[in-house]
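Scroll down for the structure; my scribbles are underneath it.
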Amino acid sequence: MSTPPGGLPAYRVITGPDDAAFCQRVSDAIGLGYELHEGPAVTFNGENVIVAQALVWSAQS
């Protein structure tokens, strides 16, 4: 498949609290054929650790 499924963009940034749900969202995207783009960005909002992870569609998928 040369394009992402379901009209998804070729470049995505997933953000959220650093928890199991965030990790599952990133894992699901990898399972679809996305690849991590660099490392995550991490910040603290005074209450939670917030993570942003960029993903790009793999041309080989």
Side-chain angles (χ1 to χ4, degrees):
M1 183 181 317
S2 60
T3 60
L8 291 170
Y11 176 85
R12 299 173 63 187
V13 176
I14 297 176
T15 62
D18 186 16
D19 60 12
F22 174 82
C23 294
Q24 187 62 54
R25 290 170 58 206
V26 173
S27 294
D28 290 346
I30 291 170
L32 287 174
Y34 283 88
E35 295 179 351
L36 299 177
H37 179 69
E38 303 294 330
V42 181
T43 191
F44 183 68
N45 70 0
E47 193 172 315
N48 298 302
V49 174
I50 306 297
V51 184
Q53 177 62 62
L55 299 114
V56 292
W57 182 251
S58 172
Q60 292 126 14
S61 293

Closest non-hydrogen atom pair, P5 against W57: CD-CH2, 3.6 Å
Any donor-acceptor pair under 3.5 Å from N48 side chain to I50 backbone: no
Looking only at heavy atoms, what is the nearest atom pair of Y34 and A10, with distance? CE2-O, 3.8 Å
Is there a path of hydrophobic side-chain contacts, each under 4.5 Å between heavy atoms of I/L/V/M/F/W/Y residues, joining Y11 to L36? no
Donor-acceptor pair, distance only, cut-off 3.5 Å: does the side chain of R25 make one with the backbone of T15? yes
If two hydrophobic side chains count as joined below 4.5 Å and joins carry through other members, does I30 share a cluster with V56? no
Is V26 reachable from V13 through a run of I, L, V, M, F, W or Y residues, each pair having side-chain heavy atoms under 4.5 Å apart? no
Heavy atoms only: give me the nearest Q53-H37 pair and the separation to one decimal. NE2-O, 3.7 Å
Can you tell me how far apart OG (S58) and CG (L32) are? Round to the nearest 0.5 Å. 12.0 Å
List the atom of L8, the atom of R12, and the distance in Å for their closest heavy-atom pair. CD1-NH1, 4.0 Å
